[in-house]
Amino acid sequence: MERTHSPIPQKSSSFISSREEKLRCADRNLSLSSLHFHPISEDVAEVADENKVEKDDNEEREEKEVSPTNEKQDNNDETATTAGEIPDHYDLLSLSDDIDQFLAILRNSPETIPEIPDIAISRFGILLEKEIAKYECGGGDRWSSSDSHEDATFLDSVDRASKLIAALSEFSGSEPQYYQAMNQVGAVVYHAMAFLEDEFHSLLVYESSSKSRKPPSDSTSGASKPKRRPSFSLVHEPDRCVLQPNLSDHSATPDSPSADLSSPHPDHQSTTRLRHIASAMITSGYETECCQVYTIARRNAMDASLSDNGFDKISIDDILRMPWETLESEIASWTKAFRHAITISIPRERELCESVFDGPHRPIVDAIIRSLARSLLIQLLTFAEAVSMVKRSAEKLFKVLDMYEALRDMVPKLDEIFDSHTVDEDIKMDLSSVRTRLGEAAVFIFCDLEISIKSDTAKAPVPGGAVHPLTRYVLNYLKYACEYKNTLEQVFKEHRKVDRSMSTSSFSYSNDDDGDDNSARDCSRLAESSGRSPLFASQVVQVMDLLNANLDSKAKLYKDLALSNIFMMNNGRYIVQKIKGSAEIKELLGETWCRKKSSDLRKYHKNYQRETWSKVLGCFKDEGLQVKSSVLKPVLKERFKSFNSMFEEIHKTQSGWLVSDEQLQSELRVSVSAVVVPAYRSFLGRFSQYLDPGRQTEKYIKFGPDDLETYIEDLFDGNPTSMLKKKS
């Protein structure tokens, strides 16, 4: 399956998409979430007109008393304000004092309606609009540092404008001037919020993505190297200027030690800006939009983090159809990504969120982190749930257990990420549910191993009595399973809901079934009393007893009883050696089981010697060779002929038998030599003299004692050879 790295999606703005549309909408309705403007009634409008006429008469009388100089200055200022131009001696700071005085009057005298400073408010709005325009198009060194005096003045002005709107709204229903001023300032604040939202999103997305992606070099980008290192560079689009991070500020690449594949985070300077912008938006009544933009941006960053860690979103249908070799690789990526998400990504997201929404805005943090964590975990848990539904087979057990352990180990981490009273119970329930599904799948898969052993009823014996592939598979499987013994014990204890009527405990092989069941029960009791894992130990014993029963049935496929015993010795020796090499299996099976297995090996060894060499040794008996102290030569000659024939046949046959364990092979050869060679040497010493020297001796005595030892060394090599070829 080809991987596709998910690009960082563009923001879905909570405002209207076009800036011009935003402003046109603001003129009509403003759509401010926190403010409710009320239309002026007809009665209020008539009263307002009468008040306006009376006010105009008073102003005419007052104008006659104004000095010509002041009149000229005021007229110039009013004309400039009307034209959208502000005299040079006015700035946001000086006008802010007038706005603050007006707000103070409203607070201190709530029952009176003071005269509104129309000109000051109008100038304040025009200057604030100009500041927004400068920031939108870069404005040179604008927003160059988080503690910039100009930045603080700008945000303070936006905050002041928001407070002014709230104050004006108290009287906007009855005072036309208040309503008009509120609309005028409201349009500016709306413009400011749209800009701050864009800037907030840019800092969260662009600043973050630059940390996890290698910036283009000067030679490939074609851009000239800037003389300074500003926080932002300009990227011009057809309709407006968009602020974008200067990628040259970040030298960390995915391959460098400082790079992090968790959801990338803005640096300290950008975090400070984010905090100031968030505070301005929330104070202005745009908490919903602020949280929405933050959540979308960080959710996209966390999704990109999953892809960077090798995990891509895959549909359930694709998982169910995926070849196991491919799915196995995907599970490994999932395990890495899941642990990374719980231990690194989500805690760091909480740390960032607490930095942005600090102080009085801290209650926002828990809601945002719950939303981000749930969005991230749903993707991961969907994959895990799909894996629990795939077709079960024994080789899938260990990857399922890896996922089970990851889910089990990470649940306590959630309690550390969330306070006990704010933890998302739905997330914990989903984690627990998926973990249960994986646990039940693991139980079924392990029981499938037992069923596989029982159903292996091949009718063709293994050539040469070698170790059966089933024996190798089961022992290697158990050795690997014992590395998960604590997890498997937990799985069997918590999730064992298998119908035991389908289990191998009800299978029957022979009359030894009761003994096998007793062995399993005895080992279970011993495991429980010694502090070992009783349930898993019982399962392991049961699997081994099933394997032994299966091997017994396969041994009966050999027509040669000696070879049948070699087969059982080979497999028994392999089992014993594997158990000795694995302290975990040995601990689970216990000393009693191991001693019994060693005893069985000795029994098979004796059976082999009896079946193969008892007839050979019968040739060396004195019975029937002598009558009244006289040796019967015809009988003696027949004894030598029988021995020669049997030994040649044994050599030809058993040199093709295979004993792969060198120690067992040596033990068998030594034991054969120890029995056969001394008996043959003694027989020769007693009776060779009764044969005529020369031709008769060569005909009947084909082997010397040393020759026997040499030929015995050829046994169990898996390479059948005839003595004629060896002699030649």
Side-chain angles (χ1 to χ4, degrees), residues 464-465 558-566 568-569 599 601-659 662-728:
Y558 295 98
K559 297 179 180 179
D560 190 332
L561 292 179
L563 182 55
S564 176
N565 283 281
I566 290 293
M568 293 302 293
M569 267 193 289
S599 176
L601 279 177
R602 291 190 294 270
K603 180 184 71 175
Y604 298 137
H605 193 161
K606 291 178 180 178
N607 291 343
Y608 160 74
Q609 285 191 330
R610 183 178 66 250
E611 293 295 334
T612 301
W613 300 103
S614 60
K615 292 182 180 180
V616 174
L617 294 175
C619 296
F620 307 144
K621 292 180 180 179
D622 293 345
E623 294 133 358
L625 278 177
Q626 296 178 340
V627 176
K628 296 180 180 181
S629 301
S630 177
V631 175
L632 300 175
K633 287 187 178 182
V635 177
L636 178 61
K637 292 177 182 179
E638 189 62 32
R639 291 285 184 91
F640 274 110
K641 284 177 63 177
S642 297
F643 169 76
N644 293 337
S645 175
M646 283 190 288
F647 188 78
E648 287 177 357
E649 183 62 28
I650 290 172
H651 179 272
K652 179 181 177 180
T653 302
Q654 297 194 11
S655 61
W657 294 358
L658 178 63
V659 177
E662 293 182 358
Q663 184 177 352
L664 177 60
Q665 185 187 68
S666 176
E667 289 174 359
L668 283 169
R669 289 170 177 172
V670 169
S671 67
V672 170
S673 295
V675 172
V676 176
V677 174
Y680 183 68
R681 180 179 285 112
S682 174
F683 185 74
L684 280 179
R686 296 197 313 272
F687 298 104
S688 61
Q689 57 186 333
Y690 295 103
L691 296 176
D692 296 335
R695 184 177 177 185
Q696 197 174 57
T697 302
E698 293 177 1
K699 180 179 179 181
Y700 295 105
I701 303 177
K702 292 185 177 182
F703 308 103
D706 294 338
D707 294 331
L708 288 185
E709 290 184 354
T710 302
Y711 287 125
I712 289 173
E713 289 297 315
D714 294 335
L715 303 181
F716 318 119
D717 264 342
N719 183 25
T721 58
S722 67
M723 292 184 180
L724 293 176
K725 290 182 179 179
K726 187 162 186 180
K727 288 179 180 179
S728 61

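Judged as a side-chain hydrogen bond (donor to acceptor under 3.5 Å, both in side chains), and not counting sequence neighbours, the contacts of Thr612 are Gln654. Remark: Ser645 pairs with no residue by the side-chain hydrogen bond (donor to acceptor under 3.5 Å, both in side chains) rule, at least two apart or across chains. The ring-ring contact (aromatic ring centres under 6.0 Å, His included) search around Phe620 returns Phe643, Tyr680, Phe683, not counting sequence neighbours. Here Lys633 pairs with Asp692 under the side-chain contact (heavy atoms from CB on, under 4.5 Å) rule; sequence neighbours left out. With sequence neighbours excluded, no residue forms a side-chain hydrogen bond (donor to acceptor under 3.5 Å, both in side chains) with Glu611. Under the side-chain contact (heavy atoms from CB on, under 4.5 Å) criterion, Lys641 pairs with Glu638, Tyr700, not counting sequence neighbours. Every residue meeting the salt bridge (charged side-chain N to carboxylate O under 4.0 Å, His left out) condition with Arg669, not counting sequence neighbours, appears here in chain and number order: Glu713, Asp717. Residues passing the side-chain contact (heavy atoms from CB on, under 4.5 Å) test with Gln689: none are found, sequence neighbours excluded. Scanning for side-chain contact (heavy atoms from CB on, under 4.5 Å) contacts around Ser673 gives Val677, Ile712, with sequence neighbours left out.
Contact check for Ile566 versus Phe716: side-chain heavy atoms found under the 4.5 Å cut-off. Side-chain atoms of Val670 and Glu667, non-hydrogen and from C-beta on, never get closer than 4.5 Å to each other. Between Asp560 and Trp657, some side-chain heavy-atom pair lies under the 4.5 Å cut-off. Contact annotation: the side chain of Leu636 approaches that of Leu691 to within less than 4.5 Å [non-hydrogen atoms, C-beta and beyond]. Counting only heavy atoms from C-beta outward, the side chains of Leu632 and Lys637 never approach each other to under 4.5 Å. Residues His651 and Asp714 are in side-chain contact: their nearest non-hydrogen atoms beyond the backbone lie under 4.5 Å apart.
By the 30° and 60° cut-offs, the orientation of the rings of Phe703 relative to Tyr711 is perpendicular.
Sorted by first and then second residue, the pairs that involve residues 616-627 and meet side chain to side chain donor-acceptor pair (under 3.5 Å), not counting sequence neighbours, are Asp622-Arg686.
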